Amino acid sequence: MLEISRKIKTDVLVVGSGLAGIKVAKELADQGHEVLLATKMKLASGSSFYPLKASLGTQVTSSNSDKHVFLADITASSRGMHRQDLAEVYVDEIQDRVKEYSDIGVVSKKLEGERKACFAEHPRDIYLLSDWDQIRENVSGIFGRYENLAVLERTVVISLIKKENRIAGALMLDQFNQVVLVECKAAVLATGGFGSIYKHNLNPNDVDGSGHILALEAGARLVNMEFIQFIPGITSPRYKTLFGEHTLAYCRDIVKDSGESLLDGVLPAGLAKKECLDIRSTHGPFTDSLESKYVDIAMMKEIITAKNEKGFKLVFHKELYENEEEFYTVYLNWLKTKGIDMLKDEVRIAPFAHASNGGVHIDPYGRSGVPGLYAIGELSCNIEGANRLGGNSTGACMVFGKRAAADCSRYLAKARLCAISDQDAKRHLKTVLGNGDGNRVGENSSPESDKEQLHQTIEKIREILWYSGNVVRSEKQLLAALEKIAELQSKMDISRLFEQQETRKMVIKAKNFMELSQLLLRAMLERKESRGAHYREDYSAENPAFSKRLFISRNPAGTLSLEFLDQ
């Protein structure tokens, strides 16, 4: 029988330490609440602090007159898949929230003039966030001043516990893989997206969708999960480096290994290569909404057909390094610190999974619909829709981190701690892990073979998602992928594997990956059209019949329900 190593009591549990988690934890601590922040890695981690490039941007409402223009940009980008009240909150409050970056130790700088963010039709103020190492140091110093704010690093949350239909606690694995029981009045999930479920991604390994499964199992709904942002990344000379799409304005061609142009023969009549690349230079993520879509579709089809993941060579004009605009120089100079010169080196790119446009369905205060449970940051389905408007994700962490903390504080004032016995906790854990199945493969295996099985399962899921759930999709490949995942699941005895302390975190990751991959593939199957962030070969047009958002819920028996709703 598994033992509970210790019990922690706190007012609120915050899970995740990216921008959203840091913001909400500090806000709640400032209001006098006892806060426990649990993070898989170190404090200040996740995609917010992943050094993919020199900086991240925040798009800010430039003036009162810009508010309705900004909303129009969000609406146009979303293709009808966003929530209007969340967008209105963002454009109203982001000007004040960027002033609070320094309060949480974040270094920000307003760019001179205005510029268009990715997918935005109008220019506005952009703030750049940079110097990740300094920010981490700043955050640690700020958090160290609070006696009512504790941080547990290298800690994974297994499951949330409810009593009286509200959040009452959680089960976690600490840095030693021992089970810890938390009693709390509320929980704020800020665990980020799920990019690392893909073989090729531009995320750290801890961005693995764990929060989506925690929220779903607790009774929250997910929405827009089929809209996943894929973005070109550099495969060579430095793998997994974010590619600055604006440099495509100086690109002469994209070339296959054979020396042939990737784009010759795939562009429709009337669309010149130069025009296509110029459009592609205005946005990072793939979108089916613009004619630049042929670049990403051609790359992905070639990868799927040839099973060649080396990427495609870029051929640049020498004028690239003559552009002295700050947006270019910051990026190009940063690349040089990584040993990359885009003219001298053979630079190759390919699509990488990057950000999830969907997530936990929330209201303007980050409430999930489950009493005491909040979701913020990329984990939540925020102001994005079928496309993600550039420069809004960082700002949304600040806006909804602030609002979630305010509402959570009001909730905590009325809530009380519910006692959770060790026996209750063990029963809950058994429910989460399942009863075990002695007929499954590996019943008499060794710790070493168990670890290898877990590793192989995780890597197989990442491979399946990469080839079947990418930018280019079809019913045939999605159904085949679901069969492969089901076969992997049939061979995994999660309950037995969890008994081994050394590999418990791998077990939870494998369990979450199996559940998340299936719901993602099912969501992709349901949307029988091409819209925004994805292209369906078998349904190549956007279809007005699918102008509703796809909601995913889970019943107590674990069965998923997928439903298109006008919400």
Side-chain angles (χ1 to χ4, degrees), residues 10-50 56-60 86 89-90 92-108 127-132 134-146 148-151 186-193 207 211 359-360 362-368 373-380 382-383 391-412:
T10 188
D11 289 333
V12 57
L13 171 66
V14 176
V15 188
S17 68
L19 280 175
I22 289 168
K23 177 62 174 173
V24 75
K26 184 179 182 299
E27 289 280 336
L28 286 163
D30 283 337
Q31 294 168 51
H33 302 293
E34 293 288 333
V35 181
L36 175 64
L37 186 148
T39 180
K40 291 194 192 80
M41 303 299 286
K42 291 185 177 181
L43 180 63
S45 60
S47 293
S48 300
F49 298 94
Y50 189 49
L56 290 174
T58 299
Q59 187 177 194
V60 177
L86 298 183
V89 164
Y90 183 89
D92 281 341
E93 298 184 8
I94 186 56
Q95 286 174 305
D96 293 328
R97 296 294 83 80
V98 291
K99 298 172 185 176
E100 297 172 357
Y101 271 133
S102 59
D103 294 344
I104 58 171
V106 172
V107 180
S108 66
Y127 284 74
L128 289 186
L129 316 182
S130 59
D131 200 344
W132 314 126
Q134 183 62 57
I135 292 173
R136 287 190 187 92
E137 187 177 327
N138 295 345
V139 172
S140 295
I142 291 168
F143 274 35
R145 301 183 202 130
Y146 289 84
N148 59 326
L149 174 51
V151 177
V188 183
L189 299 180
T191 53
V207 179
V360 179
I362 61 167
D363 71 4
Y365 287 96
R367 293 179 291 211
S368 68
L373 180 60
Y374 298 78
I376 54 174
E378 191 183 336
L379 167 66
S380 66
N382 212 279
I383 59 176
N392 286 358
S393 56
T394 52
C397 292
M398 300 295 287
V399 169
F400 295 98
K402 180 95 169 183
R403 293 176 69 88
D407 191 84
C408 185
S409 183
R410 291 189 287 269
Y411 178 87
L412 292 172

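For the numbers below, each heavy atom of this structure counts, side chains included, while hydrogens, waters and symmetry mates do not. Only a predicted model underlies this, so the values are computations on that prediction, with no experimental measurement involved.
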Enquirer: Nearest heavy-atom pair of Lys26 and Ile142: which atoms, and what distance?
Expert: CE-CG2, 3.8 Å
Enquirer: State, to 0.1 Å, how close Glu378 and Gly193 come at their nearest heavy-atom pair, and which atoms those are.
Expert: OE2-CA, 3.4 Å
Enquirer: In Å, rounded to the nearest 0.5 Å, how long is the span from CD1 of Ile135 to OG of Ser140?
Expert: 12.0 Å
Enquirer: Please say whether the positively charged group of Arg410, taken as NZ for Lys or CZ for Arg, lies over the ring of Tyr365, i.e. under 6.0 angstrom from the six-membered ring centre and within 45 degrees of the axis.
Expert: yes
Enquirer: Considering only heavy atoms from C-beta outward, does the side chain of Ser45 approach that of Lys40 to under 4.5 Å?
Expert: no
Enquirer: Could you walk me through whether Tyr127 and Thr394 satisfy the side-chain contact (heavy atoms from CB on, under 4.5 Å) test, starting with their C-alpha distance in whole Å, then the side-chain angles of each, then the deciding distance to 0.1 Å, before giving a yes or no?
Expert: CA-CA 10 Å; Tyr127 284 74; Thr394 52; over 6 Å; no
Enquirer: What's the spacing between Ile94 CD1 and Arg97 CZ if we round to 0.5 Å?
Expert: 8.0 Å
Enquirer: Yes or no on side-chain contact (heavy atoms from CB on, under 4.5 Å) for Met398 and Ile104, after CA distance, side-chain angles and deciding distance?
Expert: CA-CA 10 Å; Met398 300 295 287; Ile104 58 171; 3.7 Å; yes
Enquirer: Measuring from Ile376:CD1 to Thr191:OG1, what's the distance to the nearest 0.5 Å?
Expert: 10.0 Å
Enquirer: Do Arg136 and Lys42 have side chains that get closer than 4.5 Å, going by heavy atoms?
Expert: no
Enquirer: So how far is it from Gln59 CD to Ser393 OG, rounded to the nearest 0.5 Å?
Expert: 10.5 Å
Enquirer: Between Arg403 and Pro364 (side chain of the first, backbone of the second, donor and acceptor by atom type, cut-off under 3.5 Å), is there such a pair?
Expert: yes
Enquirer: Output the distance between atom CG (Leu43) and atom CD1 (Ile22), rounded to the nearest 0.5 Å.
Expert: 5.5 Å
Enquirer: One thing to verify: whether Glu100 and Lys402 come together as a salt bridge, which I'm taking to mean a side-chain N less than 4.0 angstrom from a carboxylate O.
Expert: yes
Enquirer: Do Leu129 and Leu19 have side chains that get closer than 4.5 Å, going by heavy atoms?
Expert: yes
Enquirer: For Gly57 and Leu128, which heavy atoms make the closest approach, and how far apart are they?
Expert: CA-CD2, 4.1 Å
Enquirer: Restricting to non-hydrogen atoms, name the atom on Ser47 and the atom on Val207 that form the minimum distance, rounded to 0.1 Å.
Expert: OG-CG2, 3.5 Å
Enquirer: Quick one: closest heavy-atom pair of Asn382 and Leu86, and the distance?
Expert: O-CD1, 3.7 Å
Enquirer: For a side-chain contact (heavy atoms from CB on, under 4.5 Å) check, start with the C-alpha distance between Val106 and Asn138, then their side-chain angles and the critical distance, and finish with the verdict.
Expert: CA-CA 7 Å; Val106 172; Asn138 295 345; over 6 Å; no
Enquirer: Say whether, by atom type as modelled, one donor and one acceptor occur between the side chain of Ser368 and the main chain of Ala375 under 3.5 angstrom.
Expert: no
Enquirer: Taking the side chain as every heavy atom from C-beta outward, state whether Ser409 and His33 have any atom pair closer than 4.5 Å.
Expert: yes
Enquirer: Stepwise, does the side-chain contact (heavy atoms from CB on, under 4.5 Å) test hold for Tyr146 with Val35?
Expert: CA-CA 10 Å; Tyr146 289 84; Val35 181; over 6 Å; no
Enquirer: Check this for me, if you would: do Arg367 and Asp407 make a salt bridge, where the nitrogen-to-carboxylate-oxygen distance has to be below 4.0 angstrom?
Expert: yes
Enquirer: Would you mind reporting whether Leu37 and Phe143 have side-chain heavy atoms less than 4.5 Å apart?
Expert: yes
Enquirer: Please give me the minimum heavy-atom distance between Asp11 and Leu412, naming the atom from each residue.
Expert: O-CD2, 3.5 Å
Enquirer: Given side chains that start at C-beta, do those of Val12 and Cys408 come closer than 4.5 Å, heavy atoms only?
Expert: yes
Enquirer: Hey, could you give me the CG/CG distance between Leu13 and Leu189, rounded to the nearest 0.5 Å?
Expert: 8.0 Å
